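Just below is one structure, and these are the notes that go with it.
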2 protein chains.
Amino acid sequence: MTSHQKLTRNQALVLGSLEKAGQPLSAYTILDQLRDDGLRAPLQVYRALDKLLESGLVHRLESINAFVACSHPHSHSHGSAAFAICERCGRVDEFSDAVVQKRLASWSSEHGFKPSRTTVEIRGECAACLGN
Amino acid sequence: MTSHQKLTRNQALVLGSLEKAGQPLSAYTILDQLRDDGLRAPLQVYRALDKLLESGLVHRLESINAFVACSHPHSHSHGSAAFAICERCGRVDEFSDAVVQKRLASWSSEHGFKPSRTTVEIRGECAACLGN
DNA sequence: AATTGGACGTAATGTCATAACGTTAGCTTG
DNA sequence: CAAGCTAACGTTATGACATTACGTCCAATT
Ligand SMILES: [Zn+2]
Ligand SMILES: [Zn+2]
Ligand SMILES: [Zn+2]
Ligand SMILES: [Zn+2]
């Protein structure tokens, strides 16, 4: 019910654009790439992104105002993910750390805080850019 | 050297505004509050914020595009902090979890990633808003 | 006095995101 | 089938967040 719904045309276009890029894109960059497919306005992209975010096929990177296709689109609705973002080349590694999630959940329950969304993002330089 | 420098007038005004608010403010909200003190343009606020961020007196909340005074301004340059942000009342709790930091550092070193800045933010509802 | 560097003031612009409106397409139900 | 409903769509305008560019001021250094 939450995912697995057939994507609409715009949603499929936006997801395709992100998958093809293999790296985070801003909504306006996505729009530019889809002009030839008939998209004209930011809202068309944002509306598609909203649905893709809901279903977990796309993630939003808060620290760089960009969106990226989920690396694990088949294990749907995985718990909150963490991201390592290379500020030099744009590469993003999505990972998930159970200990981190557990600690944040612990803090929340100890403080009577009811979490809805969690953001964990590391910016820096990836191995490739560091010249390994 | 990094902190402890005397603040300029604009920096002091911006920091004062954030401290007085006791909750996150957007740059433009800060600007509005400082019009009577002579500030006119966003850049005056952003420049002050840049310095305050550098010295660790202020933190940026990436997920809500806002800024907040550090809760522990005297333990300067504490490691990367985590934040619990109430989406109902705007309250922010700054905390620091050594285990979380350690796990993220471990991931980084295992993957040859050199971290520069880390964002950990939980959005949800605080105890007060949940009616404890 | 001349030089340098940091902070400042101002205007313009760039980037990211949503409000508000009406329309279209597919489904449900009597 | 026709009426009614809902989700997605298209378009325009606007709002919110952030930076570029350029010139000035002032205090510290030489
Ligand atoms: Zn994912
Ligand atoms: Zn890289
Ligand atoms: Zn702090
Ligand atoms: Zn609250």
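Lettering follows sequence order; numbering is per chain, from 1. Every value quoted in this text rests on a predicted model; they were computed, and no experiment measured them.
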Interatomic distance, [X] [atom1] vs [N] [atom2] [rounded to whole Å]:
X: B/Arg9; N: C/dG6; atom1: CZ; atom2: C1'; answer: 18 Å
X: A/Lys51; N: D/dA8; atom1: NZ; atom2: C1'; answer: 9 Å
X: B/Arg35; N: C/dT10; atom1: CZ; atom2: P; answer: 11 Å
X: A/Asp32; N: C/dT15; atom1: CG; atom2: P; answer: 10 Å
X: B/Ile30; N: D/dA16; atom1: CD1; atom2: P; answer: 16 Å
X: B/Leu7; N: C/dC8; atom1: CG; atom2: C1'; answer: 16 Å
X: B/Leu39; N: C/dA7; atom1: CG; atom2: P; answer: 15 Å
X: A/Gln44; N: D/dA7; atom1: CD; atom2: C1'; answer: 15 Å

At how many degrees, to 10°, do the end axes of the helix from C/dA1-D/dT30 to C/dG30-D/dC1 meet when each uses five pairs? 20°

Examine distances only and state if a side-chain atom of [X] and a backbone atom of [Y] form a donor-acceptor pair shorter than 3.5 Å.
X: B/Gln11; Y: B/Thr8; value: yes
X: A/Ser17; Y: A/Leu13; value: no
X: B/Thr29; Y: B/Leu25; value: no
X: B/Glu94; Y: B/Ser71; value: yes

Contact nearer the 5' end of DNA chain D, comparing A/Ala41 with A/Ala48: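 Result: A/Ala48.
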
Output the rest of the hydrophobic cluster of B/Val120: all Ile, Leu, Val, Met, Phe, Trp and Tyr residues reachable through side-chain heavy-atom contacts under 4.5 Å, sorted by chain and number.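 Direct or chained contacts put B/Val120 with A/Phe95, A/Val100, A/Leu104, A/Trp107, A/Phe113, A/Val120, A/Ile122, B/Phe95, B/Val100, B/Leu104, B/Trp107, B/Phe113, B/Ile122.
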
side-chain hydrogen bond (donor to acceptor under 3.5 Å, both in side chains) between B/Glu121 and A/Thr119, worked out: CA-CA 5 Å; B/Glu121 298 176 14; A/Thr119 297; 5.4 Å; no

Taking the side chain of [X] as heavy atoms from C-beta outward, which of [options] is closest to it?
X: B/Phe67; options: D/dA8, D/dA18, D/dT11; result: D/dA18
X: B/Tyr46; options: C/dT10, D/dT19, C/dA7; result: D/dT19
X: B/Pro42; options: C/dA7, D/dA8, D/dT19; result: D/dT19

Return all side-chain donor-acceptor pairs below 3.5 angstrom for residues 35-42 of chain B, not counting sequence neighbours, or 'none' if the list is empty.
| from | atom 1 | to | atom 2 | distance (Å) |
| --- | --- | --- | --- | --- |
| B/Arg35 | NH1 | B/Arg40 | O | 3.2 |

Please tell me if the side chains of [X] and [Y] come closer than 4.5 Å, counting only heavy atoms from C-beta onward.
X: A/Arg60; Y: A/Asn65; result: yes
X: B/Glu125; Y: B/Glu87; result: no
X: A/Pro24; Y: A/Ile64; result: yes

Atom of [X], atom of [Y] and distance for their closest heavy-atom approach:
X: B/Ala127; Y: A/His111; answer: CB-O, 3.6 Å
X: B/Ala69; Y: B/Leu15; answer: CB-CD1, 4.5 Å
X: A/Cys126; Y: A/Cys89; answer: SG-SG, 3.8 Å

Distances under 3.5 Å between protein N/O atoms and the N/O atoms of nucleotides 20-26 of chain C, please, pair by pair.
none

Does anything in residues 10-29 of chain A come within less than 4.0 Å of DNA chain C? Heavy atoms only, and list the residues if so. A/Ser26, A/Tyr28

Whether B/Thr8 contacts C/dC8 is assessed here as follows: a side-chain N or O lying under 4.0 Å from the phosphate OP1 or OP2. Is that the case? yes

Neighbours of DNA chain D within residues 58-65 of chain B, by heavy-atom distance under 4.0 Å: B/Arg60, B/Asn65

Any carboxylate oxygen within less than 4.0 angstrom of a Lys/Arg side-chain nitrogen, looking at A/Glu62 and B/Arg123?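 Answer for the salt bridge query: yes.
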
